[in-house]
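Worth saying up front: this structure is predicted, and the values here are computed from it rather than measured.
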Amino acid sequence: YKKILGFLFKIPNVDFNGGFKQRGVSFIGTGSDEKPASVVINRNGKPFIVAFANSFAIRESRLSSDPAEVFIFLNGDTVYHPGMNFRFDNSKRELQLYRNKVGRAKSPYFNKYHEVDMYIEVIKWNIDGNMMHLEPLIGSIQRNAMFESSSFYQAYRYDDLYGLGYKHPLVLLKKCVQQYETRDLLLDDVAHCWKLPPLEIKRTMMILSNMGYVRYNFHTNMVHVQDKTINYVLARGRKIDYDIIQFQSVPNRGSNADLNLDSMYMQIHGVPNVLLSDSHNVVLYPTNGEVLLKKNRDFDFSGVVVAGRLEFFGRDFKFNYDSFYIDMPHVDSMRINVEVEKLNERTGKPEMARVHTVIQQIAGRLEVDKNTNKSGKIPVKRWPVFTSTGNSYAYYDKREPGDDASNITYNKEELYFELDPFSFDSLDNFQNSSIGFEGNFVSGGIFEDFRETLVLNEGNVSLGFVHKTGNEGQPIYG
């Protein structure tokens, strides 16, 4: 008994609040429905993780509870889970949190710092270190995890909830909030509002809690209506904006993500692609599946960005969620796809072909959509828009597919087209005739440098120009 108490009160950076009782050879830290027991793990002298439970099992150097309600504090925001398996082993100084997909544990983690809901299996943390690892279960065949924007909305998810009652539960909850003028409701209040038995309401609240629409306390029967409930009803009525951003993590090995507790940056692994806009076809393909997630869904990546009919290949891209654009300081190349005369046999629409000429060495910004229209629910043809911030280049140092050996190529250091800074809008619906890039043609001494505009040559699907020399002609090799 003294040994257990001595262990419990001497764990560095770990505090226990609650009562004690002995059950056979087991020692239990206890609380109540009104005042649960808690374990507080401190970092830098402040509470960093707080776990609440009716009881904690205490064995030698270990503390555990299933289920435990857990709060993780990240720079003033929280990561919250309503009930999972909590295990702390002081001999290893390791905390493990498990979602076992039973009852409350089905719920994702609600991460208010990064503004994502995290569907992950295990969190591991050496409490003396600065890295938190988000991992699959050991031995699990399924290695998938998902990090979903807290503003994510899809109509099918809303429709699926109709199966929980004769009226839509989110609409009814919103009416309850309006009726009682509070987000915090007793289960009996909800039952009265819905005109249904409390037992039936309890089952529905458990389901909605697991999906993040409410926070339901099983012991006190208190229901807190989350923002997600109100936002889903408003999004359904097209009264607010929303997004469709998800980070699917499917790594071959190792963790799904690693959170640096100093910077609060989360490195997500195994991300095949990220869809930013389905209405404008803006999709990201991160190099090696790596995405660095920052506060409020800002993130960094390298790789390929497909924006409508354009493709950007580069590195050090930075997505800004609030403004809904991607800063692209290092674009190695930009490829353009255009409509050609040949019709697709299945759709009857013109087929697409990639323009052979590549624009290179670009820096600029891609606006995905208007920042108040992340959902694309308001059709605006002007977006996406790419604006370059410096000069870029088109080279003629490679033969195009189908060229024979007699076709001349030129040294890219000597002959090239230098594009002025440009803006290219309507990237998913532009007309071929709208392609035009003003700039200087440098011919390596064949001609004096002159101004021209690169346009699409639809015959060979490349960028070029026709330059008029006038009646006097133009000297060469002058």
Candidate pair R93 and F88, rule side-chain contact (heavy atoms from CB on, under 4.5 Å), full reasoning: CA-CA 7 Å; R93 302 290 286 165; F88 173 68; 4.1 Å; yes
I41 vs F48 side-chain heavy atoms within contact, under 4.5 Å: no
Side chains of N371 and S323, donor plus acceptor under 3.5 Å: no
Check: F386 ring centre within less than 6.0 Å of F424 ring centre: no
Inter-residue atom distance I123.CD1 - Q96.CD, 0.5 Å rounding: 11.0 Å
Side-chain donor or acceptor of S302 paired with backbone N/O of D316 under 3.5 Å: yes
Flag side-chain contact, heavy atom, 4.5 Å: V291 against L284: no
Pairwise side-chain contact, F317 with V331, heavy-atom cut-off 4.5 Å (strictly under): yes
Listed pairs under 3.5 Å, donor-acceptor, residues 65-74 side chains, sequence neighbours left out:
| residue | atom | partner | partner atom | Å |
| --- | --- | --- | --- | --- |
| S65 | OG | S55 | O | 2.8 |
| S65 | OG | P67 | O | 3.4 |
| E69 | OE2 | Y80 | OH | 2.6 |

Check against side-chain contact (heavy atoms from CB on, under 4.5 Å), Q267 and N260: CA-CA 8 Å; Q267 189 78 43; N260 186 309; over 6 Å; no
Check: R365 side chain, Y325 main-chain N or O, donor-acceptor pair, under 3.5 Å: no
F110 side chain reached by R215 side chain, heavy atoms, under 4.5 Å: no
Donor-acceptor contact present, side-chain H280 to main-chain W383, <3.5 Å: yes
Separation of W125 CH2 from L95 CG (nearest 0.5 Å): 7.5 Å
Residue pairs involving residues 280-302 (criterion salt bridge (charged side-chain N to carboxylate O under 4.0 Å, His left out); sequence neighbours excluded): D77-K295, D243-R297, K294-D300, D300-K318
Disulfide (SG to SG under 2.5 Å) contacts touching residues 249-317 (sequence neighbours left out): none
More than 12 heavy atoms of other groups within 6.0 Å of Q154 CD: yes
Parallel, tilted or perpendicular, as decided by the 30° and 60° cut-offs, for the rings of F319 and Y321: perpendicular
Check: R62 side chain, R87 main-chain N or O, donor-acceptor pair, under 3.5 Å: no
Gap between atom CG of D425 and atom OG of S434 - 0.5 Å precision: 7.5 Å
Pairing residues for Y213 by the ring-ring contact (aromatic ring centres under 6.0 Å, His included) criterion, not counting sequence neighbours: Y232
K370 atom NZ, neighbour heavy-atom count above 12 within 6.0 Å: no
Heavy-atom pair of closest approach, residues S32 and N54: O-OD1, 3.5 Å
side-chain contact (heavy atoms from CB on, under 4.5 Å) between F312 and V304, intermediate numbers included: CA-CA 6 Å; F312 300 87; V304 181; over 6 Å; no
Ring pair (Phe, Tyr, Trp, His ring centres under 6.0 Å) partner of F247, the single match among Y119, F301, F299: F299
Qualifying salt bridge (charged side-chain N to carboxylate O under 4.0 Å, His left out) pairs with a residue from residues 244-268, counting only residues at least two apart or across chains: R43-D262
D241 side chain to S375 backbone, donor-acceptor under 3.5 Å: yes
Donor + acceptor pair across side chains of D327, N320 (<3.5 Å): no
Side-chain H-bond candidate by donor/acceptor type, Y285 with E311, under 3.5 Å: no
Under 3.5 Å: donor-acceptor pair, side chain of R354, backbone of N337: no
Gap separating the CD1 atom of I207 from the OG1 atom of T204, nearest 0.5 angstrom: 6.0 Å
Presence of salt bridge, D159 and R236, under 4.0 angstrom: yes
Approximate separation, where rounding is to 0.5 Å, of K174 NZ and H168 NE2: 13.0 Å
Nearest heavy atoms of N256 and R143, plus distance in Å: ND2-O, 2.8 Å
Main-chain N/O of I336 paired to R309 side chain as donor or acceptor, under 3.5 Å: no
Heavy atoms of other groups near K377 NZ, more than 12 under 6.0 Å: yes
CD on Q226 to OG on S150, rounded to 0.5 Å: 11.0 Å
Flag, side chain of H133 to backbone of V122, donor-acceptor distance under 3.5 Å: no
Steps toward side-chain contact (heavy atoms from CB on, under 4.5 Å) verdict (M205, L185): CA-CA 11 Å; M205 290 305 105; L185 304 165; over 6 Å; no
Min side-chain heavy-atom separation Q142-E121 under 4.5 Å: no
Non-hydrogen side-chain atoms of C193 and L172 separated by less than 4.5 Å: no
Partner set under side-chain contact (heavy atoms from CB on, under 4.5 Å) for L186, not counting sequence neighbours: D189, M222
N288 atom CG, neighbour heavy-atom count above 12 within 6.0 Å: no
Flag, side chain of S388 to backbone of G364, donor-acceptor distance under 3.5 Å: no
Backbone of K381 reached by a side-chain donor or acceptor of N429 within 3.5 Å: yes
